[in-house]
Amino acid sequence: MDAHRTLFVTGASGFIGGGLLARLATRNDMRLMAAVREVGVALPKGVAPVLLPVVEPFAGKLPLDAVRVVVHCAARVHVMHDQAGDPLAAFRRVNVEGTLALARQAAAAGVKRFVFISSIKVNGEASEPGRPFTPEDVPAPVDAYGQSKWEAEQGLLALAAQTGMEVVIIRPVLVYGPGVKANFRSMMGWLNKGLPLPLGAIGNRRSLVALDNLLDLIVTCIEHPAAINQVLLVSDDEDLSTTELLRRMGKALGKPARLVPVPAALLRIGAALLGRRAVAQRLCDSLQVDIRKTRALLQWTPPLGVEAALGKTADSFLESLKP
């Protein structure tokens, strides 16, 4: 095997990084290396682990000399109730300083391409009705996580200009799929229990991306010549309202959603009184992305439709409940 077909992936234990390794491990045309933070992390067969220190994991010398492409999925992720004394500093330490330390090592080692998994939060928290986010929009991150991802993007593009290393930036929307956790899994839990939800009259539009579709785009970006130094948005290319998502997810689970048609304005008022304004915003606001650039530039189409993706996600969730 050509040594220059080596791929180095970070975030191996995460939802995206783990999924990417599982997909690539089925191929026989490249060598895979995965950054891990502890001994014994389960990796697909044939993936070589690279143990990183717990503190400043990318500060030490990394074995990147034979690596052709780095896919950086690891990050300090957005959290609902951040306990850090200075959240922005904590996000910057990992998502900016760590990312750029890795990228500088990659450039010095002769890595050809660096694929960075950023976030749609760089664009903002909500899109205006009828005006989906585009890669050309002026970034407007609201929280520390989004700000740190934006700063990392700027640093990477500057490094690309200085060194010639190719950079590809992907900004996913909410990612779902088999094994999804956090709010999406909670939503499936509510639906599976048949709980009545006051979300039957939400007319927003939300872009989502199935893990399979995101992974397909990442694999495309590993080598596609048109992806060089581009910022790309990704979604399933079918936007849903919160109400429609709940109905279709309930159908996939075999538990029709019990939705009470409470007006969005009343939900916002109630959430504000309970100190949950941000929750109401996520449920009621629109967040759409325009992926026409991604489709046209890369001749790429999301391979999995929403119906099939929700079905796979539901099947995995139901299987996880079995004793």
Side-chain angles (χ1 to χ4, degrees), residues 77-82 119-134 137-147 171-177 180-210 213 233-291 305-307 309-311 313-314 317:
V77 299
H78 175 69
V79 291
M80 292 296 297
H81 303 290
D82 202 332
S119 169
I120 197 58
K121 283 178 169 286
V122 171
N123 285 73
E125 293 293 325
S127 58
E128 296 179 13
R131 295 188 61 185
F133 287 139
T134 73
D137 290 339
V138 176
V142 173
D143 64 8
Y145 173 72
Q147 179 66 27
R171 294 180 189 163
V173 290
L174 176 66
V175 185
Y176 68 99
V180 68
K181 294 180 172 60
N183 292 337
F184 205 96
R185 182 178 175 87
S186 296
M187 176 192 74
M188 289 190 287
W190 302 332
L191 291 168
N192 193 54
K193 291 176 182 177
L195 298 178
L197 302 171
L199 301 170
I202 310 299
N204 60 349
R205 307 301 294 172
R206 304 286 296 191
S207 296
L208 308 171
V209 64
N213 290 335
L233 306 190
V234 58
S235 77
D236 292 332
D237 212 18
E238 180 184 350
D239 300 339
L240 306 175
S241 68
T242 299
T243 298
E244 186 178 3
L245 172 62
L246 288 164
R247 286 176 177 156
R248 291 174 71 170
M249 193 74 243
K251 181 180 178 181
L253 290 165
K255 299 286 183 66
R258 300 177 61 191
L259 303 180
V260 181
V262 177
L266 290 181
L267 284 176
R268 293 180 190 275
I269 292 171
L273 292 173
L274 294 172
R276 306 297 294 274
R277 191 187 304 271
V279 174
Q281 288 175 337
R282 285 191 296 276
L283 291 171
C284 300
D285 286 353
S286 292
L287 196 162
Q288 293 178 273
V289 299
D290 183 340
I291 68 166
V306 170
E307 207 73 32
L310 291 176
T313 307
F317 172 76

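Atom set for the values below is all heavy atoms of this structure, side chains included, hydrogens, waters and symmetry mates excluded.
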Trainee: Measuring from Q288:CD to I120:CD1, what's the distance to the nearest 0.5 Å?
Mentor: 11.5 Å
Trainee: Start with the C-alpha gap between L245 and M187, add the side-chain angles, then the distance that decides, and say whether side-chain contact (heavy atoms from CB on, under 4.5 Å) holds.
Mentor: CA-CA 10 Å; L245 172 62; M187 176 192 74; 4.1 Å; yes
Trainee: Please examine the side chains of K121 and D143, heavy atoms only from C-beta on, and report whether any two atoms are closer than 4.5 Å.
Mentor: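 In contact.
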Trainee: Counting C-beta onward and ignoring hydrogens, is there a side-chain heavy-atom pair between V180 and M188 closer than 4.5 Å?
Mentor: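 In short, these two side chains touch, coming nearer than 4.5 Å.
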Trainee: Indicate the atoms forming the closest heavy-atom contact of A264 with C284, along with that distance.
Mentor: CB-SG, 4.1 Å
Trainee: Would you say Y176 and D236 are linked by a side-chain donor-acceptor pair, where the criterion is simply a distance under 3.5 Å?
Mentor: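 Result is yes, a qualifying pair exists.
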Trainee: Of the non-hydrogen atoms in A280 and A271, which two are nearest, and what is the gap between them?
Mentor: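 So the two residues come closest at CB-CB, 3.4 Å.
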Trainee: Is the backbone N or O of R206 less than 3.5 Å from a side-chain atom of S286, with the two atoms forming a donor-acceptor pair by type?
Mentor: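 Here the side-chain-to-backbone pair does not exist.
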Trainee: Keeping R258 on the side-chain end and L195 on the backbone end, is there a donor-acceptor pair under 3.5 Å?
Mentor: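 No; zero donor-acceptor contacts below 3.5 Å.
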Trainee: What's the spacing between I202 CD1 and L246 CG if we round to 0.5 Å?
Mentor: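 One finds 9.0 Å between CD1 of I202 and CG of L246.
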Trainee: Between L191 and L197, is any pair of side-chain heavy atoms under 4.5 Å apart?
Mentor: yes
Trainee: Considering non-hydrogen atoms only, spot the tightest contact between R247 and A257 and give its length.
Mentor: CA-CB, 4.1 Å
Trainee: Would you say F184 and V175 make side-chain contact, with heavy atoms under 4.5 Å?
Mentor: no
Trainee: Distance alone, cut at 3.5 Å: any donor-acceptor contact between the side chains of D285 and N204?
Mentor: no
Trainee: Looking at T242 and L283, would you say the former's side chain and the latter's main chain have a donor-acceptor pair under 3.5 Å?
Mentor: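 Side chain of T242 to backbone of L283: a pair is present.
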Trainee: Mind checking whether R131 and D290 have side chains closer than 4.5 Å, heavy atoms only?
Mentor: no
Trainee: Any side-chain heavy atom of N123 within less than 4.5 Å of one from R171?
Mentor: yes
Trainee: Going by atom types alone, do T134 and D137 pair a side-chain donor with an acceptor below 3.5 Å?
Mentor: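 Short answer, yes.
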Trainee: Testing R277, Q281, R276 one by one against V279 for a side-chain contact (heavy atoms from CB on, under 4.5 Å), which residue passes?
Mentor: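 Running side-chain contact (heavy atoms from CB on, under 4.5 Å) over R277, Q281, R276 with V279 returns exactly one hit, R276.
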Trainee: Give a yes or no on this: more than 12 heavy atoms of other residues, nucleotides or ligands lie within 6.0 Å of atom NZ of K255.
Mentor: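 Yes - once you tally the heavy atoms of other residues, nucleotides and ligands closer than 6.0 Å, there are more than 12.
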Trainee: Could you give the distance from CD (E244) to CZ (R248), rounded to the nearest 0.5 Å?
Mentor: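 The CZ atom of R248 is 5.0 Å from CD of E244, to the nearest 0.5 Å.
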Trainee: Are any non-hydrogen side-chain atoms of L174 and L287 less than 4.5 angstrom apart?
Mentor: no
Trainee: Within the structure provided, determine whether V234 and V173 are in side-chain contact (heavy-atom separation under 4.5 Å).
Mentor: no
Trainee: Look only at the side chain of T243 and the backbone of L199, and say whether a donor-acceptor pair between them is shorter than 3.5 Å.
Mentor: yes
Trainee: Quick one: NZ on K181 to CZ on F317, what's the gap to the nearest 0.5 Å?
Mentor: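 These two atoms lie 12.0 Å from each other.
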Trainee: So how far is it from L208 CG to D239 CG, rounded to the nearest 0.5 Å?
Mentor: 8.0 Å
Trainee: Quick one: pull up CG in L273 and CZ in R268 and give me the separation to the nearest 0.5 Å.
Mentor: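 L273 atom CG to R268 atom CZ measures 14.0 Å (nearest 0.5 Å).
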